[in-house]
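One structure is given below, encoded as structure tokens.
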Amino acid sequence: MTLSFLFISLTSFNFDSVNQQNKKIKRSNYKFKTIVIDAGHGGKDVGANRAWGTEKRVALSIALKFGRLIDNAYPEIKVVYTRKDDSFVELYERANIANRNKADLFVSIHCNSNASGSPYGTETYAFGIDSKTNKEKMDVAKRENSVILLEDNYEKSYDGFDPNSPESYIIFSLYQNKNLDKSLSIASKIENEFGDNDNRYSRGVRQERFLVLRYTNMPAILVETGFISNREEGKYLASDDGQDEVAASLFRAFKSYKKELEMAN
């Protein structure tokens with residue numbers, strides 16, 4: 001009786017040890033493989049435009065610089081761009097590119113704008129709705145989503161979504177973002193880099209209903225790298241030094257996020 005109990009206990013202990021080891025091995029197997037970098041706007045879609053800079057050009061330059069930093073540091077990671085030149089890419093196709101490539105992360109790069117030249121600072125968005133939702137945030141979403149009006153058959157492509165209709169955004173509010181936690185994690189890291197390391201004004205991490213994020217199947221964020229409508233910040237974003245600094249901030253945040261993700265999985 002005692003021997004039988006001892007045998008069962010040892011057997012259970014051995015099985016438990018093996019299971020724990022297998023779990024550790026399984027967790028350590030995950031490696032970040034693919035990132036899709038989306039330069040906002042492009043082609044006939046100029047985005048925000050001022051005398052000192054154009055959003056589509058600034059976004060593309062930052063996207064390419066960010067991607068090169070990843071290529072140099074992590075040659076094993078596949079870097080995919082939704083565009084590498086001044087071409088027009090539909091919002092749904094940007095998400096499709098990420099989904100087809102089974103991306104681990106989708107980063108959409110933009111510049112903010114306001115009718116007033118006063119606002120400045122960075123914002124990073126995940127798809128969703130939070131307690132901070134207000135007219136200013138809704139205006140940002142409407143502006144970014146309104147590019148679908150330049151697309152053919154946009155009503156069919158987006159299931160009747162109207163970027164200027166409050167009802168469309170109410171329906172969007174019912175969508176549950178299964179990747180929200182991871183999206184908020186990388187978004188927070190980016191805003192911390194902007195604020196703490198670059199000494200820029202971070203307006204924080206926010207949630208809003210951006211079409212380009214809605215159709216992705218992985219953690220996805222939209223980065224407003226600053227207000228191109230603000231003369232000082234706009235000139236900074238249009239400069240090589242400013243773009244290098246923004247790209248470096250994105251890279252440091254990505255590096256931290258990648259490490260955290262791989263350790264957790």
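Keep in mind that what you see is a predicted model, and the values were worked out from it rather than measured.
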Do Pro119 and Ser116 make a side-chain contact, defined as non-hydrogen atoms from C-beta onward lying under 4.5 Å apart? yes
In this structure, CG of Leu64 is separated from CG of Asp85 (nearest 0.5 Å) by 9.5 Å
Is there a path of hydrophobic side-chain contacts, each under 4.5 Å between heavy atoms of I, L, V, M, F, W or Y residues, that connects Leu69 with Val246?
-> yes
Would one find more than 12 heavy atoms of other residues, nucleotides or ligands at under 6.0 Å from atom NZ of Lys65?
yes
Open item on the list: Taking the ring centre of each residue, are Phe66 and Phe251 less than 6.0 Å apart?
Closed with: no
All heavy atoms of Cys111 vs all of Ile228, minimum pair found to be CB-CB, 4.1 Å
Discussion item. Regarding Arg83 and Glu93, does a basic nitrogen lie under 4.0 Å from an acidic carboxylate oxygen?
Written reply: no
Short question: side chain of Asn99, backbone of Asn217 - any donor-acceptor pair under 3.5 Å?
yes
Checklist entry - Side chain of Asp198, backbone of Arg200: donor and acceptor closer than 3.5 Å? => result no
Backbone of His110 reached by a side-chain donor or acceptor of Thr225 within 3.5 Å
yes
message: So that I can tick it off, tell me whether Asp38 and Arg94 are bridged by a salt bridge, with the cut-off set at under 4.0 angstrom between side-chain N and carboxylate O.
response: yes
In terms of side-chain geometry, is the basic nitrogen of Glu76 or Lys31 positioned less than 4.0 Å from the acidic oxygen of its partner? no
- Got Pro219 and Tyr257 here, is their nearest side-chain heavy-atom distance under 4.5 Å? yes
Would you kindly check if the NZ (Lys) or CZ (Arg) of Lys44 is within the cone defined by 45 degrees around the ring axis of Phe88 and under 6.0 Å from the six-membered ring centre? yes
Subject >> Salt bridge flag under 4.0 Å for residues Lys56 and Asp86 >> reply: yes
Within the 6.0 Å centroid threshold, strictly below: Phe210 and Phe127
no
Between the CG atom in Asp240 and the OG atom in Ser61, the distance rounded to the nearest 0.5 Å is 6.5 Å
Is there a side-chain contact between Val80 and Ile35 in this structure, where contact means two heavy atoms from C-beta onward sitting under 4.5 Å apart? no
Query raised in the report: Does Glu233 reach the main-chain N or O of Gly121 with its side chain, forming a donor-acceptor pair under 3.5 Å?
Result: yes
| Are any of the side-chain heavy atoms of Asp104 and Lys258 separated by less than 4.5 Å? | no
*Is there a side-chain contact between Phe254 and Tyr74, using heavy atoms and a 4.5 Å cut-off?*
yes
Margin query: Is it the case that the side chain of Glu55 and the backbone of Asn49 share a donor-acceptor pair, with hydrogens and angles ignored and the cut-off at 3.5 Å?
Written below: no
